[in-house]
Amino acid sequence: MRPIPILTALALVSAPVFAQQATDAVPPEMTTDLSAPVADPGLRASQTAKAEGRSVEASNWMISAAHPLAVQAGADVLRAGGTAADAMVAAQAMLGLVEPQSSGLGGGGFLVYYDADLGEVFTLDGRETAPMDATPTLFQTEGEPMGFFEAVVGGLSVGVPGTPALMAGTHQRWGTIPWPDLLAPAINQAEAGFEVSARLAAMVGFDQDRLVLHPETSAYFLPEGAPLAAGDLLKNPKYAETLRLLADGGPQAFYEGPMAGLIMSAVLNAVQPGLLSEWDMRNYTIRERDAVCSAFQSYEVCGMGPPSSGAVAVGQILGLADAYYDGAMPDVSAETEVLTVWGNAGRLAFADRGRYLADSDFVPVPVTGLLDPAYLADRATEDMGTGALEDVTPGTPEFDHALLWADHVGRALPSTTHLSIVDQYGDALSLTSSIENAFGSRVMVGGFLLNNQLTDFSFRSHRDGVPIANRVEPGKRPRSSMSPTIVLEDGKPVLVIGSPGGSRIIGYVAETIWRVLGEGQDIQAAIAAPHAVNRFGTYDIEAGPGSEDRAAELEARGFKVSVRDLNSGLHGIVIGPDGLRGGADPRREGLAYGE
Ligand code: GLU
């Protein structure tokens with residue numbers, strides 16, 4: 001049993017640490033300053049390791065997350081004897097402050113937890129839900145789908161947030177440190193202020209035309225009409241107030257009463273009013289779902305099932321490649337032939353994803369059939385290695401009784417966040433958390449942004465007269481690509497991994513698992529390695545040395561190729577026989593840190 005440490009809120013308050021500057025700013029034409037130091041010596045060592053391409057080592061516990069202040073908040077909790085669940089609460093509360101464009105109280109997420117006491121993996125679905133008044137034509141005007149940003153900005157795209165309930169539910173189940181103590185560091189930081197990172201500043205600058213549309217959003221990100229600049233000290237007293245409310249009243253204080261009222265009125269008064277009601281807010285629940293685990297070599301890759309397509313698609317890509325190579329995995333980026341197999345595996349998986357994946361509370365999803373090794377071996381034909389497969393269609397897995405079709409490939413914009421945590425008790429936590437688009441719906445209330453997660457639904461309700469599986473329906477959860485993953489070997493966790501990146505998340509996560517476990521690469525090297533992602537459209541090859549040549553070779557093999565920046569935000573931890581090793585994505589500003 002874990003001890004229950006007695007901690008005061010004060011003991012958890014970290015010394016101010018200034019943000020490391022981003023290595024990645026999207027839109028891609030923006031460059032960022034990499035030079036600003038972090039103040040804490042431990043974190044500085046992590047930053048140096050990352051800059052030098054080395055992973056970070058530790059023996060007891062570790063956290064890898066998207067911002068140094070969030071890493072610091074989680075690390076303080078882990079050092080004080082907290083569990084991975086406790087550390088997640090502290091880190092997520094901090095991310096909502098320092099990386100507000102990506103995740104926060106107004107969003108949702110999926111959490112995978114390995115409970116070392118029980119030796120079992122659990123998954124919690126904290127996805128946003130559609131209001132009960134939503135209908136399949138929510139994102140249509142005169143029967144035609146709206147433009148994407150037309151739908152995103154304003155109240156219409158806002159689903160009932162899941163993150164506060166997910167934080168509280170995880171804490172209730174696995175936490176040991178008093179809930180208010182875990183929110184204290186973010187409260188203090190919000191009041192003291194934090195340094196705006198180059199990445200946040202670049203994104204505010206890019207998005208100002210949309211941020212200006214809502215008064216609270218505009219006042220916060222464009223004070224006195226000018227976008228925040230890197231290095232500005234930014235205070236968020238409203239966020240501190242909201243967290244205090246949560247600290248005192250628990251999640252109920254968010255889903256009911258004045259806070260719920262504020263959220264609803266922001267949604268109803270936004271540009272393009274939405275449909276949230278008191279009932280929707282009050283009745284939100286996180287759902288515990290069975291972990292979806294698939295076989296990859298000697299490993300079990302466990303993650304989030306529907307409404308996320310993550311675990312099924314990651315499992316399919318790895319399973320198809322594994323079946324093709326019969327277990328002897330070559331280097332995923334070395335050869336054009338391997339990239340041909342990889343690209344076709346992605347196309348086959350995304351064909352099935354488009355056909356079958358949606359919220360399984362509304363649509364039957366043949367998860368078992370889709371991951372059946374015999375089904376995947378059947379689809380992993382020999383011509384996968386010769387060129388782009390000509391005829392890629394969804395398969396017919398066993399238990400296929402879905403008549404409906406999904407569609408809609410998510411549009412990746414630089415948002416969402418992933419954190420991986422291992423505590424000293426052997427528990428592991430993998431959380432991908434999101435407000436969907438960068439700055440979500442752009443509607444801000446109580447110091448945080450509301451999500452636009454409902455635009456992850458299909459905008460069309462039917463295709464060829466047949467209802468689309470991922471269409472909007474009241475109370476339904478939009479299909480996701482988020483792939484928080486814990487990989488097991490002999491029932492014990494060996495890798496905790498995940499990433500933001502819209503539907504490219506699936507490719508990023510599958511690649512990293514292949515590299516680390518299939519090829520034995522170091523976690524930091526695997527995360528930093530160039531990406532190649534095929535979602536059944538263009539084959540996206542990450543711009544960098546050799547990418548144009550590689551693209552030409554793949555084009556000659558029949559793929560449509562796009563060489564571009566690929567803004568993953570992979571954060572991972574390897575749990576090996578001689579300790580923990582962490583990596584953080586050099587494309588973003590996060591760190592791995594452990595002791
Ligand atoms: N909304 C996306 C999903 O749930 C995540 C967005 C992103 O990663 O940028 O799949």
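Each ligand, and each atom within it, is numbered from 1 in the order the structure gives. Nothing here was measured: the structure is a model prediction, and the numbers come from that model.
On a distance-only criterion, Pro500 and ligand 1 share no N/O pair closer than 3.5 Å. No N or O atom of Arg479 sits closer than 3.5 Å to an N or O atom of ligand 1. Residue Asp456 places at least one N or O, backbone or side chain, under 3.5 Å from an N or O of ligand 1.
Two rings, from Phe254 and Phe448, have their centers less than 6.0 Å apart. Aromatic rings from Phe221 and Phe439 are positioned such that their centres are separated by under 6.0 Å. Aromatic ring centres of Tyr255 and Tyr284 lie closer together than 6.0 Å. In this structure, the ring of Phe536 has its center no less than 6.0 angstrom from the ring center of Phe350.
Of all atoms in ligand 1, numbered sequentially from 1 with element shown, those under 4.0 Å from a heavy atom of Gly502 are 6 (C), 7 (C), 8 (O), 9 (O). Of all atoms in ligand 1, numbered sequentially from 1 with element shown, those under 4.0 Å from a heavy atom of Met482 are 3 (C), 4 (O), 10 (O). Listed by number with element, the atoms of ligand 1 under 4.0 angstrom from any heavy atom of Gln453 are 1 (N), 2 (C), 4 (O).
The part of Ile505 lying near ligand 1 is the side chain, judged by heavy-atom distances below 4.0 Å. Counting heavy atoms under 4.0 Å from ligand 1, residue Arg127 touches it through the side chain alone.
In terms of modelled atom types and a separation under 3.5 Å, the side chain of Tyr356 and the main chain of Pro394 share no donor-acceptor contact.
Ring pair Tyr539/Phe559 is perpendicular by interplanar angle, where above 60° counts as perpendicular and below 30° as parallel.
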